[in-house]
Every structure is written in C-alpha cells, then in structure tokens.
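What follows is a short report on a single structure.
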Amino acid sequence: MTSGSKSKAERRAESQRRAAEKRAAERRQKQMRMAVRVGGLVVLIALVVIVVTQVTGGGGSGAPPQFTNPHVALEPIPASMSSTWVQPPATSPGPEGIGVPSGPKLATLVNAATGQTIDGVQCQAGEQTVVHVHTHLTIFVNGKAQVIPYGIGIPGFQAVQTANGPFVQSGSCFYWLHVHAYDGIIHVESPTTTQSFTLGQLFDEWGVPLSSTQVGPATGKVTVFFTSPGKQPALYTGNPRDLPLGDHYQIQLDVGTPIVAPVKVTNWGGL
C-alpha cells in the first residue's frame with residue numbers, strides 16, 4: 001500500500017472518528033436539554049441532574065434506621081411450639097409477585113377511614129415516596145388463612161383486573177399506609193423520614209380491632225411471629241399494635257390453634 005493510499009485511509013478514519021464524536025456530543029446535548037413547545041413558543045429547558053433522596057422497597061436500600069433496624073423485644077420460638085405447628089398452605093402469586101392466600105376476608109372495609117387523619121397518618125392526593133418500604137402481613141384464624149382486603153388506606157379505590165388478580169391503581173387519596181392487593185403487602189409511603197409507623201395504625205385505618213386477644217372479628221389468644229431481613233422468625237409477646245412497619249419486615253398473627261408455621265417471603269419481586 002502506497003503512502004498516498006495510507007494517507008487517504010487515515011483521513012477516512014479521522015472523518016469517521018469526528019462524526020462519531022459529533023453524534024455523541026449531540027446525544028449528550030439532548031440529554032441535557034429538552035425543547036418544549038408551548039403555544040407555538042419553544043422553551044429551552046436545561047435538564048439538571050437532581051439527586052432525589054427516595055427510599056424504595058429493595059432490601060439494603062438505605063432506608064432510615066427505623067425502617068431497617070426494628071427495636072423489638074423478641075423471644076426464640078420454643079421447640080414445643082415448632083413441633084406441633086402446621087405448615088402454611090400453598091399460595092398463588094398475586095399482581096405484586098407475592099403469594100395470595102386462599103380463604104375468606106378477615107373483615108370488610110365498612111368501617112375503614114375515609115380520608116380523615118388517623119393516628120397522625122394523613123391521606124394525600126398522591127402516593128408519597130420519600131420513604132417507600134413494604135411489610136408483609138399474614139393472618140390465620142384457627143389455622144385457616146385469612147385474606148387481607150385490598151383498598152385499606154385508599155378511600156374510593158379503583159381496582160383493575162390483572163392476570164394475577166385485582167390491583168388498586170387509584171383512589172380519592174392515599175394514606176401513608178395502604179394495601180394494593182390481596183397479598184398482605186403493606187405499603188409504607190411517607191413524605192418524611194422522621195416518622196415511624198406501627199401495625200396498630202394500619203388497623204385503625206382499616207377500622208377493626210387489634211390486640212393480644214383479638215384480630216378483627218376473630219377472638220382468642222393471638223400468637224405473633226416477627227421476622228426482619230436476614231433474621232429467623234421469632235416470637236413476639238407484646239401488644240401487636242406496637243409492631244413496627246419497615247423494609248421487608250414480616251408479621252404473622254395466629255388467632256387460636258393450630259398455630260401455623262411462620263410464612264417466609266424469600267422473593268419480594270422487586271418490592
């Protein structure tokens with residue numbers, strides 16, 4: 001190959017390189033700017049990278065300590081209990097990827113909150129995302145699974161039918177604690193990182209009682225299991241109203257007997 005042909009090839013490569021750099025620069029400019037046409041006028045908006053502190057539901061998401069490090073007095077599950085409990089029934093995946101139990105609803109929403117502030121928990125027009133974590137609640141009555149109704153904490157809810165069951169998409173407002181589906185997932189969506197929340201507040205939104213001897217209309221001794229991420233299920237003997245809600249916490253309430261072995265969510269499906 002002659003020196004002239006080499007020079008021509010080099011010029012071609014240089015031209016291609018410059019064209020590629022120009023295209024890359026144009027892409028960067030488009031990422032930094034957006035032309036918005038308003039009433040025939042073009043408004044040039046510079047897109048600035050804004051760091052928004054938003055806590056989502058993934059484990060290890062950097063949520064505030066009160067949502068990741070529960071201060072709960074727990075006890076080991078005694079062998080006398082684990083040797084006699086029954087295994088939880090199979091479930092089918094719901095619209096959030098979490099198993100939906102087969103059984104009756106524990107209670108309706110006839111007494112549920114309709115928008116007024118409940119225990120300091122507000123109902124706002126949109127879902128809040130400064131804190132967004134998820135707790136799983138499971139309830140058994142005399143060994144039978146109970147369904148937690150969707151729509152708790154979402155007055156005027158509108159549910160859509162998905163391939164895996166109904167899911168609440170909208171409502172007149174959203175309490176900072178609410179339930180979208182039949183899977184027992186409690187969405188904690190708060191506009192502040194300074195407030196913590198308990199299971200009792202959710203039940204007050206629901207309008208049903210919760211104590212050591214009653215869960216909704218079901219009465220009897222209530223056995224409570226609590227599991228936090230990376231830990232084994234443990235026994236909680238305090239007032240279940242005081243249990244904290246947080247990132248991938250798991251709460252199980254067994255009213256009466258037989259006691260059902262703690263349900264374990266191992267795949268949160270991106271929640």
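Treat the numbers as computed from the prediction; the structure is a model and nothing was measured. Counting from 1, the numbers follow the sequence of the chain as shown. Because only heavy atoms are used, hydrogens play no part in the values below, and waters and symmetry mates are left out as well, while side chains stay in.
When side chains are defined from C-beta on, Val215 counts as touching Leu106, because their heavy atoms get closer than 4.5 Å. Counting heavy atoms from C-beta outward, Val100 and Asn164 have side chains that stay 4.5 Å or more apart. Within the 4.5 Å cutoff, the side chain of Thr223 has heavy atoms near those of the Leu235 side chain. Side chains of Ile152 and Leu202 form a contact here, defined as non-hydrogen atoms less than 4.5 Å apart. Leu243 places a side-chain heavy atom less than 4.5 Å from the side chain of Val224. Side-chain contact between Thr198 and Pro244 is absent, with no heavy-atom pair separated by less than 4.5 Å. Inter-residue side-chain proximity for Asp119 and Phe197 is flagged as unmet; no heavy-atom pair is nearer than 4.5 Å. Within the 4.5 Å cutoff, the side chain of Trp206 has heavy atoms near those of the Pro149 side chain.
With hydrogens and angles disregarded, no donor-acceptor distance shorter than 3.5 Å links the side chain of Thr117 to the backbone of Gly120. Gln128 contributes a side-chain N or O that, together with a main-chain N or O of Gly126, makes up a donor-acceptor pair within less than 3.5 Å. One N or O on the side chain of Tyr175 and one on the backbone of Gly115 form a donor-acceptor pair closer than 3.5 Å. Using modelled atom types, no side-chain atom of Ser228 and backbone atom of Lys231 make a donor-acceptor pair closer than 3.5 Å. Side-chain atoms of Gln87 never come within 3.5 Å of backbone atoms of Pro89 as a donor-acceptor pair (strictly under, hydrogens ignored). Using a distance-only test at 3.5 Å, with no hydrogens or angles considered, a donor-acceptor pair links the side chain of Asp254 to the main chain of Val260.
Two rings, from Tyr150 and Phe167, have their centers 6.0 Å or more apart.
Tyr182 contributes atom OH, which lies 12.0 Å from atom CD1 of Ile148 (distance to the nearest 0.5 angstrom). Here NE2 of His71 is found 9.0 Å from CD of Gln66. Values are rounded to the nearest 0.5 Å. The CG atom of Leu245 sits 4.5 Å away from the OG1 atom of Thr135 when rounded to the nearest 0.5 Å. The distance from atom CG of Asn239 to atom OH of Tyr236, rounded to the nearest 0.5 Å, is 6.5 Å. Atom CD1 of Ile98 is separated from atom CG of Leu271 by 5.5 Å, given to the nearest 0.5 angstrom. For the atom pair His187 NE2 and His180 NE2, the distance stands at 4.5 Å (nearest 0.5 Å).
The hydrophobic cluster containing Phe67 also contains Val72, counting ILVMFWY residues as joined when their side-chain heavy atoms lie under 4.5 angstrom apart, directly or transitively. Under the 4.5 Å side-chain heavy-atom criterion for grouping Ile, Leu, Val, Met, Phe, Trp and Tyr, Trp85 is not connected to Leu74 through any hydrophobic cluster. A single hydrophobic cluster is seen to contain both Tyr249 and Val121, as judged by linkage of ILVMFWY side chains at heavy-atom distances under 4.5 Å, directly or through other members. In the hydrophobic clustering of ILVMFWY residues, with side-chain heavy atoms under 4.5 Å counting as a link, Phe174 and Leu177 come out together. If you chain together hydrophobic residues whose side chains sit under 4.5 Å apart, Phe226 and Leu199 fall into the same group.
Residues Pro240 and Leu253 share a closest heavy-atom pair of CB-CD2, 4.2 Å. Closest heavy-atom contact between Ile118 and Ala113: CG1-CB, 3.7 Å. Minimum interatomic distance between Val147 and Gly103 (heavy atoms only, all atoms of both residues): CG2-O, 3.2 Å. In terms of heavy atoms, Pro88 sits closest to Phe140 at CB-CZ, 4.4 Å. Contact detail for Ser102 and Ala145: the closest heavy-atom pair is O-CB, 4.1 Å. In this structure, Val141 and Ala218 approach most closely via the heavy-atom pair CG2-CB, 3.7 Å.
The closest side-chain donor-acceptor pair between Trp176 and Gln124 falls under 3.5 angstrom. Side chains of Gln116 and Thr114: a donor-acceptor N/O pair is present below 3.5 angstrom, by distance only. Counting only N and O atoms by type, the side chains of His136 and Gln250 include no donor and acceptor under 3.5 Å apart. With 3.5 Å as the limit, one finds no donor-acceptor pair spanning the side chains of His134 and Glu189. Side chain to side chain, His178 and Glu205 fail the donor-acceptor criterion of an N or O pair below 3.5 Å. Thr192 and Ser190 form no side-chain donor-acceptor contact under 3.5 Å, judged by distance and modelled atom types alone.
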